[in-house]
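For clarity, every value in this text was computed on a predicted model and none was experimentally measured.
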Amino acid sequence: IITGPNIPASTKDTFISHLASYNMWALQGIEYVITQLKSLILSMGLIDRHITVEKAVLLSRLEEEYQIQRWGSVEWAHDYDLCELRARAAAGTLFVHLCSESSTVKHKLLQD
């Protein structure tokens, strides 16, 4: 049996609260970014502007980059995959930001 680390309830509650601050459209974008990067931590770091798209993509491809250094690059394929992943991660992040900005603006207008 493979199990992950125990995550404290307070950490789970904090994360749930953070995700609850996004609207449903933004959550769809977050799910898309997580699927692309295959990492919840990298995705949230990217969406919350702690790391750049380039850094998130590089970190998500560590194993692939190691294999490329060891065995060499397939001339067009690896470069294409890298550019495509950057574009997808950037697009998903932009979608989340646009969805979040829209609801923030509406919320602010309702307060005035």
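The side-chain heavy atoms of Ile30 and Leu27, taken from C-beta on, include a pair separated by under 4.5 Å. A heavy-atom distance below 4.5 Å is found between the side chains of Arg86 and Leu82.
Annotation for Asn6: atom CG does not count as buried by contact number, only 12 or fewer foreign heavy atoms lying within 6.0 Å.
Shown here are the salt bridge (charged side-chain N to carboxylate O under 4.0 Å, His left out) partners of Glu65, two or more places apart in sequence or in another chain: Arg61.
The minimum heavy-atom distance linking Ala89 with Val33 is given by the pair O-CG2, 4.1 Å. Heavy-atom minimum distance, Val96 versus Ala26: CG2-O, 3.5 Å. Residues Gly29 and Phe95 approach most closely at CA-CD2, 3.8 Å, considering heavy atoms. Across all their heavy atoms, Ser43 and Ser39 have their closest contact at OG-O, 2.7 Å.
Taking hydrophobic clusters as Ile, Leu, Val, Met, Phe, Trp and Tyr residues chained together by side-chain heavy-atom distances below 4.5 Å, Tyr32 does not share a cluster with Leu94. Met44 and Val57 fall within the same hydrophobic cluster, defined by Ile, Leu, Val, Met, Phe, Trp and Tyr side-chain heavy atoms under 4.5 Å apart, directly or through other members. Both Met24 and Leu19 are members of a single hydrophobic cluster when ILVMFWY side chains are connected at heavy-atom separations under 4.5 Å. Under the 4.5 Å side-chain contact rule for hydrophobic residues, Leu37 and Ile51 share a cluster.
With hydrogens and angles ignored, the 3.5 Å screen pairs a side-chain donor or acceptor of Thr35 with a backbone N or O of Glu31. A donor-acceptor pair is defined here as one N or O able to donate and one able to accept, closer than 3.5 Å; such a pair exists between the side chain of His78 and the backbone of Val74. A donor-acceptor contact shorter than 3.5 Å is absent between the side chain of Ser100 and the backbone of His97. At least one donor-acceptor pair under 3.5 Å links the side chain of Asn23 to the backbone N or O of Trp25.
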With side-chain contact (heavy atoms from CB on, under 4.5 Å) as the test, would you mind laying out the steps for Ile7 and Phe15 before giving the verdict? CA-CA 11 Å; Ile7 300 172; Phe15 187 68; over 6 Å; no
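With rounding to the nearest 0.5 Å, the separation of CG in Leu46 from CD in Gln36 is 11.5 Å. Going from atom CG of Leu42 over to atom CG of Leu59 covers 5.5 Å, rounded to the nearest 0.5 Å. Taken from CZ in Arg88 to OG1 in Thr93, the straight-line distance is 13.5 Å, to the nearest 0.5 Å. Residue Ile34 holds its CD1 atom at 9.5 Å from CD1 of Ile41, rounded to the nearest 0.5 Å.
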